[in-house]
Number of protein chains: 2
Amino acid sequence: MDQGQGALTQLRAYLAQRDLPANSRLPAERELCDILGVSRGELRKALAIMEENRELWRHVGKGTFIGSRPVEEFSNIAAIAELTNPREVMQARLLIEPQIAREAALNATAGDVAEMRLCMKMSREAKTWRQYENSDNALHRAVAEATHNTVLVALFDTLNAVRRTVVWGRLRSKVDRPPSDHHSFAEHEALVRAIEERDMEAAGQTMRRHLSHVQGNLLASSQAAE
Amino acid sequence: MDQGQGALTQLRAYLAQRDLPANSRLPAERELCDILGVSRGELRKALAIMEENRELWRHVGKGTFIGSRPVEEFSNIAAIAELTNPREVMQARLLIEPQIAREAALNATAGDVAEMRLCMKMSREAKTWRQYENSDNALHRAVAEATHNTVLVALFDTLNAVRRTVVWGRLRSKVDRPPSDHHSFAEHEALVRAIEERDMEAAGQTMRRHLSHVQGNLLASSQAAE
DNA sequence: TGCCTAACCAATCATATATTGGTTAAATCC
DNA sequence: GGATTTAACCAATATATGATTGGTTAGGCA
């Protein structure tokens with residue numbers, strides 16, 4: 001009975017002496033047995049207790065590590081893109097991006113707005129669809145960056161990556177041509193102005209209206225393809 | 001001059017004959033040289049043109065592939081967690097999750113609601129903080145799943161993964177204790193009821209209020225730590 | 001000058017070997 | 001007899017090695 005707790009005590013003493021930083025790996029179980037002078041079974045009991053206590057985590061083939069187990073990532077872009085479709089992506093954009101625009105209106109600096117205007121200028125001067133799409137992407141990302149919230153930017157990037165993968169997979173318009181419809185230009189202008197004037201409500205509304213138009217165009221083109 | 005275009009023509013003919021599906025790999029450059037009977041330089045010119053045209057993409061060590069280059073992922077959970085903090089994460093939750101709740105109210109099935117009620121039951125019966133947190137997580141994820149939108153679920157998972165990494169990194173409450181404050185229980189109940197009644201406005205508002213309380217608690221505990 | 005050829009480079013893949021936590025069962029010890 | 005040690009084995013992972021790939025450069029050649 002004392003033995004069972006003894007291994008844990010020895011292990012704790014060993015770790016306290018080293019004072020290892022988080023995520024650092026400690027020796028393999030077989031080595032620790034020799035170091036601490038305990039049997040592997042007792043050592044594993046102690047390790048199990050500390051793992052249950054979230055003081056360390058173990059994995060076959062990897063080893064034993066200080067701290068809490070890292071989370072598994074279901075954020076694989078390609079995997080998401082496989083499971084979804086343009087409709088879901090546009091719906092997600094309609095829910096997320098207006099909220100980002102509202103937050104951008106609150107936090108945007110003069111530099112952020114200048115960046116947005118530069119993107120708009122480039123999109124107006126675009127000679128090919130590819131250039132236009134790049135500028136459009138850059139503008140939307142500039143809005144996300146204007147929130148000055150790393151998590152929101154990361155979420156936007158994820159959503160954007162999924163969008164590009166899915167859309168490109170479906171309709172492959174090889175013909176590069178300048179955009180004929182200029183409805184986006186006016187909407188972008190209104191969006192940036194709302195952000196500049198710190199009008200959260202207008203920023204959100206404008207973004208929502210803009211994405212609704214994009215959604216409508218996407219729907220129309222898919223119908224035309226049928 | 002005819003030679004330069006000739007390699008491209010031959011390559012196009014070769015690809016048209018095979019009619020390879022997207023993302024499929026085509027032979028290595030050195031093999032293609034023999035197959036098409038052109039020099040590697042000419043072949044690479046043709047490949048460069050088609051790559052510029054987004055008809056294929058190449059990468060050292062991998063090969064040459066049909067279609068457009070897959071997007072790079074900035075969705076590394078650990079990387080995001082390194083750059084952010086609990087405040088940004090809570091802010092992002094306050095912007096995203098109410099929108100998800102609204103959408104859930106529109107699309108939830110009876111099975112979805114039953115799943116939510118099960119999560120609530122488990123959270124009420126939780127004996128430790130860990131159990132409570134797991135049930136709470138499961139409930140919020142059930143709401144996301146009720147949107148029946150793969151992209152929204154994936155974004156929620158990403159946000160949730162970042163949240164757990166960041167929060168766990170900061171405050172490590174080793175002491176497992178049952179939750180003393182029951183304010184979340186009533187809020188969860190109201191949230192699920194709003195979703196069940198398809199009241200988008202109430203669902204969004206309830207989720208926002210709930211997260212505001214969570215944010216308040218997090219702020220209070222961090223102040224207490226100082 | 002323009003093209004071909006060959007060689008080389010760094011990134012990546014493919015394969016084999018070693019290591020690690022997890023498990024089981026016989027041996028051993030009070 | 002029950003608990004513990006010990007050894008062997010397993011699947012997952014890491015590590016090391018060699019082959020392959022796109023990218024690049026330099027010399028030969030027409």
What is the distance from [atom1] of [X] to [atom2] of [N], rounded to the nearest Å?
{"X": "A:Glu29", "N": "C:dG21", "atom1": "CD", "atom2": "P", "value": "5 Å"}
{"X": "B:Arg58", "N": "C:dT12", "atom1": "CZ", "atom2": "C1'", "value": "16 Å"}
{"X": "A:Glu52", "N": "C:dG21", "atom1": "CD", "atom2": "P", "value": "18 Å"}
{"X": "B:Asp34", "N": "C:dC4", "atom1": "CG", "atom2": "C1'", "value": "14 Å"}
{"X": "B:Leu47", "N": "D:dT24", "atom1": "CG", "atom2": "P", "value": "13 Å"}
{"X": "B:Leu56", "N": "D:dT21", "atom1": "CG", "atom2": "P", "value": "16 Å"}
{"X": "A:Leu43", "N": "D:dT6", "atom1": "CG", "atom2": "P", "value": "13 Å"}
{"X": "B:Glu42", "N": "D:dG23", "atom1": "CD", "atom2": "P", "value": "16 Å"}

Taking only side-chain nitrogens and oxygens of [X], does any of them come within less than 4.0 Å of OP1 or OP2 of [N]?
{"X": "A:Lys45", "N": "D:dT4", "value": "yes"}
{"X": "B:Thr64", "N": "D:dT21", "value": "no"}
{"X": "A:Arg30", "N": "C:dT19", "value": "no"}
{"X": "B:Arg40", "N": "C:dT5", "value": "no"}

Salt bridge present between [X] and [Y] (N-O < 4.0 angstrom):
{"X": "A:Glu133", "Y": "A:Arg164", "answer": "no"}
{"X": "A:Glu51", "Y": "A:Arg44", "answer": "no"}
{"X": "B:Glu88", "Y": "B:Arg163", "answer": "no"}

Does any part of the side chain of B:His140, heavy atoms only, come nearer than 4.5 Å to the side chain of B:His210, both counted from C-beta? yes
Side-chain heavy-atom pair B:Leu32, B:Leu26 within 4.5 angstrom cut-off: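 Side-chain contact under 4.5 Å: yes.
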Taking the nucleotide of DNA chain D with the closest heavy atom to each, which residue, A:Arg25 or A:Val38, is nearer the 5' end? A:Val38
Indicate, with a heavy-atom threshold strictly under 4.0 Å, whether B:Glu51 touches base, sugar-phosphate, or nothing.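 Contact class for B:Glu51: none.
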On DNA chain C, nearest-nucleotide positions of A:Arg44 versus B:His59: which is more 5'? B:His59
